[in-house]
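Worksheet: the structure to be examined is printed underneath.
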Amino acid sequence: MAKNIQSIRGMHDILPEAAPTWQFFESTVRNLLATYGYSEIRMPIVEQTDLFKRAVGEVTDIVEKEMYILESRRDTEGGEAFSMALRPEGTAGCVRAGIQAGLIFNQQQRLWYAGPMFRAERPQKGRYRQFHQIGVETFGIAGPDIDAELIAIGARLWKQLGLKNIHLELNSLGSLEARHAYRQLLVEYFSAHQDQLDEDSKRRLHTNPLRILDSKNPTMRELVAAAPNLHEHLDSESAEHFAQLQSMLDGMGISYRINPRLVRGLDYYSRTVFEWVTDELGSQGTVCAGGRYDGLVEQLGGRPTPACGFAMGVERLILLLETQAVQAPANNPDVFLVMAGDAAAKAGLSLAEQLRDALPDLRLVSNCGGGNFKTQMKRADKSGAAVALILGENELERAEITLKPLRSEGEQINLPLCELAAHLSQLIEKTKQH
RNA sequence: GUGACUGUAGCGCAGUUGGUAGCGCACUGGAUUGUGAUUCCGGUGGUCGUGGGUUCGAGUCCCAUCAGUCACCCCA
């Protein structure tokens with residue numbers, strides 16, 4: 001036997017066993033976003049590396065060490081080779097696409113996308129090198145009402161999925177100017193106390209000083225507590241925006257916790273930032289996160305445009321669905337057709353097609369590959385079908401079919417073939433109701 | 001990227017101070033020539049993650065490597 005080739009580290013197959021949960025999740029999200037009037041957009045998985053450098057930030061971990069970078073081929077006209085990257089997140093590509101297609105200037109957009117993202121991190125539970133996000137982005141709406149709407153979508157989604165124990169954390173970083181000024185203040189403060197900083201915090205001083213405030217190291221606690229307070233340095237417009245958002249959330253009955261140390265890692269955030277967090281997934285508890293990024297469109301070459309969005313980590317939410325034992329609807333077949341004998345095998349094939357004509361929603365699995373009667377019945381059972389349809393020589397002679405219930409008590413019955421479609425139609429109705 | 005733990009049949013696991021590998025489930029054949037699941041009896045299946053080393057002898061000890069898990073870091 002040839003040597004096995006394994007999947008790449010941190011990149012996993014979604015196996016048939018898990019597919020119903022994924023489908024349940026995806027269709028729930030899709031339907032929900034449609035009810036709020038959001039349109040789907042699909043972008044390439046690969047973009048110019050510079051796009052992510054400009055959007056996410058040069059000195060973020062994502063850009064510095066987590067991107068998968070490809071060198072493009074020189075094209076046939078002899079164009080210059082350039083650097084491409086597998087997308088580490090979706091917002092940058094969405095903004096790029098929006099600007100390129102003229103979707104953003106002087107109009108409102110509510111968009112969503114779904115797909116794989118790539119980051120070369122050390123894998124652990126809830127953190128993979130290829131992972132999936134569903135992103136939701138809005139453009140051209142400056143007020144806190146859209147922040148509130150995006151948060152409401154999250155809250156409603158957890159409810160529709162049957163998920164519990166997901167909490168909302170909320171913060172405001174202020175306008176880009178206020179945020180930069182505050183950042184400067186922090187750098188000065190912590191630089192003056194260099195000797196008290198731990199290794200991580202010294203590094204963060206250059207990468208993301210706001211993150212030092214969220215340090216888990218107890219020896220840093222005192223220093224952090226005495227640091228300049230973010231909320232005392234908010235610009236007045238941002239403070240007003242934040243206050244209005246809170247009152248809107250209160251009005252909708254959505255509870256939240258203001259976390260002044262909540263800082264998003266990507267450079268483009270300003271004003272509102274939020275995270276939906278659970279304590280049931282260990283250290284990868286952020287299941288959905290986002291915020292406002294009013295400066296990004298301009299930064300990527302568009303006209304100044306307010307924007308706000310969030311992204312969900314699909315694997316983490318699937319994991320949570322599993323830990324909370326949420327049952328996705330099973331997509332078992334309705335019936336499995338057992339055919340005994342050569343004549344029946346041939347007749348059964350065309351019977352199956354007639355049934356599919358008559359009942360487009362019918363989930364029917366035909367036995368293939370022969371097998372004796374017992375083997376076929378075993379396959380019928382294993383398929384998960386509710387009913388076995390049995391077509392043998394006896395049935396053929398009398399133009400009948402036998403229906404045997406596999407999932408419930410009850411005797412098997414014989415039906416004239418001409419009544420089968422009507423009977424199955426009722427059966428489908430019944431299973432739909434459950 | 002740092003640290004720790006784990007890797008034995010398709011899956012979940014046992015394997016004593018180093019002595020030639022086992023259990024459950026699954027799969028498969030039969031009891032039942034046209035009835036699954038349930039019951040009973042039989043059977044297939046392992047280069048012990050991979051590669052080196054120590055040893056008369058390695059699943060067991062040592063080194064390397066790959067993968068997974070947990071924490072840090074980072075983030076969805």
Side-chain angles (χ1 to χ4, degrees), chain A residues 1 3-12 15 17 56 60-66 87-91 114-136 154 198-201 203-204 207-208 211 214-217 262-266 269 274-278 281-291 309-320 336 338-341 344 367 371-396 402-409 411-412:
Chain A
M1 224 164 66
K3 202 169 182 181
N4 283 343
I5 296 180
Q6 291 184 299
S7 69
I8 291 169
R9 178 146 138 108
M11 304 199 182
H12 298 293
L15 298 173
E17 186 187 25
V56 177
T60 55
D61 278 16
I62 292 179
V63 166
E64 278 185 341
K65 43 196 185 196
E66 295 176 1
R87 61 182 185 194
E89 58 97 55
T91 302
M117 308 291 163
F118 302 85
R119 290 181 201 169
E121 297 178 279
R122 181 115 159 212
Q124 65 186 74
K125 189 182 190 178
R127 189 171 80 177
Y128 309 103
R129 291 186 167 187
Q130 174 175 333
F131 62 102
H132 295 78
Q133 284 187 343
I134 296 183
V136 180
D198 60 10
E199 281 305 307
D200 283 330
S201 299
R203 186 175 44 76
R204 286 168 180 148
T207 55
N208 192 353
R211 260 318 295 267
D214 206 16
S215 174
K216 285 173 190 160
N217 191 341
L262 175 64
V263 173
R264 316 272 33 257
L266 287 60
Y269 287 109
F274 60 90
E275 281 190 15
W276 292 97
V277 181
T278 177
L281 294 179
S283 61
Q284 311 299 327
T286 302
V287 112
C288 175
F310 66 81
M312 293 176 254
V314 180
E315 279 83 355
R316 290 180 185 179
L317 284 160
I318 299 283
L319 233 36
L320 197 57
F336 186 101
V338 169
M339 294 160 281
N367 180 73
N372 61 32
F373 200 85
K374 189 186 176 78
T375 302
Q376 294 193 38
M377 286 303 292
K378 279 190 177 178
R379 287 178 189 148
D381 183 55
K382 209 180 152 191
S383 77
V387 169
L389 298 182
I390 300 169
L391 187 67
E393 285 163 21
N394 300 343
E395 286 85 356
L396 265 190
T402 300
L403 286 83
K404 171 160 181 158
L406 297 173
R407 309 280 128 205
S408 57
E409 302 299 316
E411 292 297 306
Q412 65 183 43

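Bear in mind the structure is a predicted one, so any value in this text is a computation, not a measurement. Side chains included, hydrogens not; waters and symmetry mates left out as well; all remaining heavy atoms used. Protein chains get the first letters and strands the later ones, always in sequence-line order, with residue 1 at the start of each.
Using a 4.0 Å heavy-atom criterion, one finds that A:G341 contacts no nucleic acid atom at all. Looking at heavy-atom distances under 4.0 Å, A:A311 makes contact with sugar-phosphate atoms alone, never a base. A:R122 comes within 4.0 angstrom of a base, heavy atoms only. Across all strands shown, A:F336 has no heavy atoms under 4.0 Å from either base or sugar-phosphate atoms.
Side-chain nitrogen and oxygen atoms of A:R203 include none within less than 4.0 Å of the OP1 or OP2 phosphate oxygen of B:C73. Contact annotation: A:K125 side-chain N/O to B:A71 OP1/OP2 distance is not under 4.0 Å. The shortest distance between the side-chain N/O atoms of A:K374 and the OP1/OP2 oxygens of B:U32 is not below 4.0 Å. The side chain of A:S283 places an N or O atom within less than 4.0 Å of a non-bridging phosphate oxygen (OP1 or OP2) of B:A71. Residue A:Q124 places at least one side-chain N or O closer than 4.0 Å to OP1 or OP2 of B:A71.
Side chain A:R127 to base B:C73: a donor-acceptor pair is found below 3.5 Å.
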Just to be sure I follow the notation: if a pair is Watson-Crick (purine N1 to pyrimidine N3 plus N6-O4 or O6-N4) or a G-U wobble (N1-O2 and O6-N3), each under 3.5 Å, what dot-bracket string does RNA chain B give, with | for pairs to another strand?
(((((((..((((.....[..)))).(((((.......))))).....(((((..]....))))))))))))....
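A heavy atom lying under 4.0 Å from RNA chain B marks the following residues of residues 312-320 of chain A, by number: A:G313, A:R316.
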